[in-house]
Amino acid sequence: MTIRPTLFLVLVAVAAPLPAQRPTPPAVTVDPAVAALRDKALTDDTAYAIVEGLTTEIGPRPPGGSAAQARARDWSVARLKAMGFRNVRIEPYTLHNVWERGAETGEVVSPYPQPLRLTALGNSGATPATGLTAPVAYFATFNDLMLAPEGSLRGKIAFVSNAMQPTQDGSSYGSQGPARFVGPNVAARKGAAALVIRSIGTDHGRGPHTGTTSFEPGVTPIPAAALSVADAANLERMMKLGKPVTLRLVLTPRFVGDRQSGNVVAEVPGTDKDAGIVLVGGHLDSWELGTGAIDDASGIAITAAAAKRVMDAGRPRRTIRVVWFGDEETGGFGGQAYAEAHKGERHATASESDFGADRVWRVETNFADAAKPVGDRLAMALAPLGVVRGDGVAGDGTDIAPVIRTGVAGVDLNQSGLRYFDWHHTPEDTLDRIDPEQLRQNVAAWTAMLAIVANAPEEIGSVTPRR
């Protein structure tokens, strides 16, 4: 059928959807003092110096009341005092039923004998000291494991090979992470002797990604480990050749009872004690495979460096409280302890940096109607840094979650996750993964946020927390 050109144009015009009507954004004036603080932070290397010092002088800071984490707390108190913060202290708490890593090795016994690079998952059960040898039951995805009949894995090592892809917002961690978060529990309920998973990571190397897992009450923990992405891909190829595959695992973690740990707290005192506390920070602990540079020395460094810039500019209206939380990796115990210790205090906002050191690309808020102009000013101040305004409900972060759940307003400065899961929880989480320029952009964004929120004249009241 031939259509005359004029008629074709008419048909296109009718069929094409009209552009969505977008509301006119509010007219917002950015305080020149805030802009100046933001821009000056782009030359500030305070955050890099903190990450360098912590990873060099302390190194890995294992959760679970470790001696290294205790040394890190003492180091942190000295560093924060030297930076000029007030009321710097350690707030102790008790950890129960602490899990501790042991020996961890794996190998293919047959039909293609070779070693495997793996690491135990936090809360994993243990094999016998001499190891566990068993045939492999292969599952391409976690959902396939979920569909396995009850009791079908008795005497077998389950292997889940779901693959994670990089995303800017880190959403693939949520979609693929259950293989680690609850996969061992599911495998145990189906009778498996042990579980190995492809590491929850986006790299293609031989550094395995650890992380914690959870078992339901009444479910006996089974040995559970993450294979490096390369080794998991190789094991998958073996399975697809059609011959039975047997593995041998040696995992000897143990539960060591109760231990003491703590949070490190520092403040920039405000002028109005009734205006509420602006809570910021990250977590001091790290898995022991690397030195915890991106997870989360960078987060505590970014927030502390930004708070110092605001402190040096003059006393803010609201107190800024910087918290370097302990024991986030094994369940957010530092955040829970902080919320319990400070439940009688009024918090205006809570924000956390725990997603590496790459650029902040999006800001999201959760303010009551009276404080929405604060979010408008914040979005405008961050725009020159390449930060867009999102429409989600803020309040992300394991450590601030207990405070956020009480109805405290949230501000999220979302970093790019395109590189983060290449090195997350691996031996490769080291200082050389930090891009100093991107780190400075983070400090600039957090400086602008703190300068605006801590000095906002509006009442920042309680909100409905994110679900």
Under a 3.5 Å distance rule, please check whether [X] uses its side chain to pair with a backbone N or O of [Y] as donor and acceptor.
X	Y	value
Asp412	Gly395	yes
Thr406	Pro402	no
Arg318	Val453	yes
Glu288	Pro62	no
Asp285	Glu328	yes
Ser462	Val408	no

* Scan residues 49-71 for pairs that pass salt bridge (Lys or Arg N to Asp or Glu O under 4.0 Å), counting only residues two or more places apart or in two chains. =>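 Every pair satisfying salt bridge (Lys or Arg N to Asp or Glu O under 4.0 Å) with a residue in residues 49-71: there are none.
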
* Pairs touching residues 158-177 that satisfy salt bridge (Lys or Arg N to Asp or Glu O under 4.0 Å), sequence neighbours left out ->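 Of all non-adjacent pairs touching residues 158-177, none passes salt bridge (Lys or Arg N to Asp or Glu O under 4.0 Å).
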
* Asked: Do any pairs count as a side chain to side chain donor-acceptor pair (under 3.5 Å) and have a residue in residues 376-392, sequence neighbours left out, and if so which ones?
  ->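 Every side chain to side chain donor-acceptor pair (under 3.5 Å) pair that includes a residue of residues 376-392, provided the two are not neighbours, is Asp376-Arg389, Arg377-Glu458.
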
* Could you note down all residue pairs passing side chain to side chain donor-acceptor pair (under 3.5 Å) where residues 268-281 supplies at least one of them, sequence neighbours left out? =>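 Matches after skipping sequence neighbours: Asp272-Arg317.
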
Non-neighbouring partners of [X] that pass side chain to side chain contact (heavy atoms under 4.5 Å, CB included), sequence neighbours left out:
X	value
Ser76	Val264, Leu284, Trp324
Gln438	Asp358, Arg359, Arg419, Asp435
Ala445	Val360, Leu382, Leu385, Leu413
Ala163	Gln165, Arg198

* Asked: What do you reckon, is CZ of Arg86 surrounded by more than 12 foreign heavy atoms closer than 6.0 Å?
  ->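 At most 12 heavy atoms, drawn from other residues, nucleotides or ligands, come within 6.0 Å of this atom.
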
* To do: Decide if the gap between the ring center of Tyr93 and the ring center of Phe333 is smaller than 6.0 angstrom.
  =>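 Not close enough - the centres of the two rings lie 6.0 Å or further apart.
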
* Asked: What residues form a salt bridge (charged side-chain N to carboxylate O under 4.0 Å, His left out) with Arg440, not counting sequence neighbours?
  ->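 Arg440 satisfies salt bridge (charged side-chain N to carboxylate O under 4.0 Å, His left out) with Asp45 once adjacent residues are dropped.
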
* With sequence neighbours excluded, tell me which residues meet salt bridge (charged side-chain N to carboxylate O under 4.0 Å, His left out) with Asp295. =>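 Here no residue qualifies.
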
* Test applied, side chain to side chain contact (heavy atoms under 4.5 Å, CB included); reference residue, Met311; option that passes from Lys308, Arg309, Arg315 ->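 It is Lys308; the other options fail the test.
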
* With sequence neighbours excluded, residues passing ring pair (Phe, Tyr, Trp, His ring centres under 6.0 Å) with Tyr173 ->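 In terms of ring pair (Phe, Tyr, Trp, His ring centres under 6.0 Å), with neighbours along the sequence ignored, Tyr173 is linked to Phe181, Phe421, His424.
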
* Asked: Is any side-chain heavy atom of Leu279 closer than 4.5 Å to a side-chain heavy atom of His342?
  ->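 No, side chains not in contact.
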
* **Listed partners of Asp231 passing side chain to side chain donor-acceptor pair (under 3.5 Å), at least two apart** =>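 Listed in chain order: Arg206, Ser228.
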
